[in-house]
Amino acid sequence: KGPPQISGEVAKIIAADELIESAVAAGPYVNFKLKPAGLGKIALESILKGTFFQKPLLVQTPKTMIEYSQPNTHKELHVGHMRNACLGDALVRTLRYAGVEVISSTFPGDVGTHVAKCLWYMKFRNTEPVPKEGRGEWLGQMYSKGHLQLEDETGTPKEAENREKLTMILQQLEEKKGEFYDLWLETRQWSIDLMQSVYGWMGIKFDQWYWESEVDSASLQYVKDLLAQGKLTRSEGAVGMDLSDVNLGFCLLMKSDGNGLYATKDLELARRKFQDYKIQKSIYVVDQRQSLHFQQVFKTLERLGFEQAKDCFHLQYNFVELPDGAMSSRKGNIVPIMALIQNMQNMVKENYLTRYKGEWSDEEIDLVAEQVAKGAIKYGMVKIDNNKKIVFDMKEWLKLEGDSGPFIQYSTARISSLLKKLGPVQAAGTDWGLLTHTAEKKLMSHLLNYNVVVAQAAENDRPSVLCTYLLEAAKKFNHFYHECSIGQAETPALKNARLALAQATREALVQGLSLLGIPAPERM
């Protein structure tokens with residue numbers, strides 16, 4: 001049947017009830033009018049009780065591991081790393097809210113050429129003393145300087161000598177002995193301390209830390225065993241799997257010099273994840289440049305008979321750029337995370353909080369500055385769809401109006417202030433039928449959709465849709481607040497109903513922000 005015919009038949013059989021006032025066919029659609037009393041009872045009462053946020057949302061909830069934020073030790077964490085961390089954290093929180101059992105994991109790179117370059121520069125070129133504080137950040141500068149120095153000396157008499165030293169460093173790390181292995185252990189901890197401080201600030205906790213150094217040897221042995229079993233092939237001295245029949249080229253798993261690659265480690269890591277936690281789905285949050293890598297790894301696993309290969313999923317995202325272009329740790333043109341955090345918090349104090357000096361305690365000013373900085377960064381990193389590029393602009397992200405985290409936080413603080421001034425709400429016996437203004441009904445309808453949107457965000461791995469929902473909720477509240485006076489409401493019953501609507505809005509905003517890892521200040 002044609003859609004208009006179907007919608008006409010559907011509209012006729014829908015009877016009015018406590019929620020639905022009428023259903024009218026309009027072309028291929030059915031338009032519903034909802035009763036304020038029903039909206040209030042079904043949505044607002046359960047929001048105010050808290051039961052609204054305790055419903056299982058998804059039918060299928062496979063036990064899932066989400067691996068995200070895979071920074072390298074011996075490099076400086078920068079603003080580009082924040083997109084991965086914010087996206088992964090929002091996915092973990094959203095899926096858990098939707099009823100999925102989630103194990104969060106990270107896979108930092110603590111071995112490889114970048115480590116050798118850093119240690120080489122520290123030992124053979126650096127003249128600076130090791131700082132007492134900020135050693136993790138300083139280490140990233142050593143790597144950048146080392147990379148640039150080695151590039152400068154390429155093609156000079158020093159090139160062969162440098163290559164020998166880098167090989168020697170890598171051998172010591174492989175053999176787990178020698179002065180560079182000892183230096184690696186010490187400096188690796190500096191990087192871990194930096195990671196922990198960043199994750200602590202962000203409120204991120206991982207259930208499992210996998211390390212490249214821990215799977216390095218085992219992954220190479222696995223490849224050698226597969227080769228002996230005739231499951232892999234040799235090509236020009238290297239070992240891997242030929243995937244050219246499916247246009248994926250040759251998946252290289254062991255170089256001719258006997259060393260492994262990222263794909264080597266990911267084969268072993270995939271096995272460990274399913275074995276360690278008995279998961280049913282494995283999500284890798286990694287940028288889009290690694291698309292071919294994961295296609296090769298998953299197809300190789302499939303051809304090796306790894307049944308769970310079909311349950312591995314690469315969640316891609318696009319890059320973060322500065323207004324003047326891309327960032328690079330190698331070249332040193334980055335915005336370091338800790339410097340970014342400090343700058344943002346200082347800017348929040350200068351632009352918004354200095355006026356409260358003396359009225360608020362210094363501790364509260366510091367806390368709110370930190371909360372607003374988190375709102376700006378996390379919302380800014382997640383609001384853009386995964387496949388679109390992000391241009392980081394600190395001033396834009398910190399604005400208290402428009403599409404920003406601080407705007408939504410400001411809305412929650414504004415409602416908190418309103419409730420303190422005009423409350424408390426008498427939730428029992430609230431006459432929701434009094435909320436007949438268009439702005440009131442639109443806000444109530446929007447609140448009713450909260451769980452639908454969260455379910456969409458969880459099911460499609462798109463927390464950006466939750467950002468859009470929260471922005472619209474804040475806008476709809478502001479419209480309601482301007483159109484419908486609470487303090488000057490015609491009757492006490494209407495005042496109470498509007499106040500209850502405001503409180504329900506705040507509950508939804510606070511809950512939604514928490515799924516993005518964003519705190520809601522009581523006042524701003």
Salt bridge or not between R135 and D193? Use side-chain N to carboxylate O under 4.0 Å. no
Is any side-chain heavy atom of M82 less than 4.5 Å from a side-chain heavy atom of F392? no
Could you go through F298 and Y284, starting from their C-alpha distance and side-chain angles, then the distance that decides it, and tell me whether this counts as ring pair (Phe, Tyr, Trp, His ring centres under 6.0 Å)? CA-CA 11 Å; F298 298 160; Y284 301 73; 5.5 Å; yes
In the structure I gave you, are the side-chain heavy atoms of R188 and W211 within less than 4.5 Å of one another anywhere? yes
Side chains of S105 and Y277, donor plus acceptor under 3.5 Å: no
Carefully, step by step, assess T468 and E472 under the rule side chain to side chain donor-acceptor pair (under 3.5 Å). CA-CA 6 Å; T468 303; E472 286 303 309; over 6 Å; no
Check whether any side-chain heavy atom of L315 sits under 4.5 Å from a side-chain heavy atom of Y68, and report yes or no. no
Report the distance from atom CG of L443 to atom NE2 of H479, rounding to the nearest 0.5 Å. 10.0 Å
Closest non-hydrogen atom pair between C118 and M142, with its separation: SG-CB, 3.9 Å
Taking atom types as modelled and ignoring hydrogens, do the side chains of N84 and S69 form a donor-acceptor contact shorter than 3.5 angstrom? no
Salt bridge or not between R125 and E153? Use side-chain N to carboxylate O under 4.0 Å. yes
Looking at E128 and K145, does any basic side-chain N land under 4.0 Å from a carboxylate oxygen? yes
Would you say Y262 and Q290 are linked by a side-chain donor-acceptor pair, where the criterion is simply a distance under 3.5 Å? no
Closest approach of K349 and A369, non-hydrogen atoms and distance? CG-CB, 3.8 Å
Can you tell if the side chain of S104 reaches within under 4.5 Å of the side chain of I66, non-hydrogen atoms only? no
Indicate the ring-plane relationship of H81 and H78, choosing parallel, tilted or perpendicular according to the 30° and 60° boundaries. tilted
Quick check: do L499 and L419 have side-chain heavy atoms less than 4.5 Å from each other? yes
Flag if over 12 foreign heavy atoms under 6.0 Å of NZ, K55: yes
Considering all heavy atoms of both residues, which atom of N162 and which atom of W120 are nearest to each other, and what is their separation? OD1-CZ2, 3.5 Å
Could you label the plane-to-plane angle of the Y450 and Y97 rings as parallel, tilted or perpendicular, counting under 30° as parallel and over 60° as perpendicular? perpendicular
With the threshold set at 4.0 Å, does a side-chain nitrogen-carboxylate oxygen contact exist between K374 and D89? no
Do you know the tightest heavy-atom contact between N478 and R414? OD1-NH1, 3.0 Å
NZ/K273 to CZ/F107 distance, rounded to the nearest 0.5 angstrom? 8.0 Å
Looking only at heavy atoms, which two atoms of V453 and L466 are closest? And how far apart? CG1-CA, 4.1 Å
Under 3.5 Å, is there a donor on one side chain and an acceptor on the other for E350 and T354? no
Mark yes when over 12 heavy atoms from residues, nucleotides or ligands other than K442 sit less than 6.0 Å from its NZ; otherwise mark no. no
Could you tell me which non-hydrogen atom of L95 sits nearest to which non-hydrogen atom of A458, and how far apart they are? CD2-O, 3.5 Å
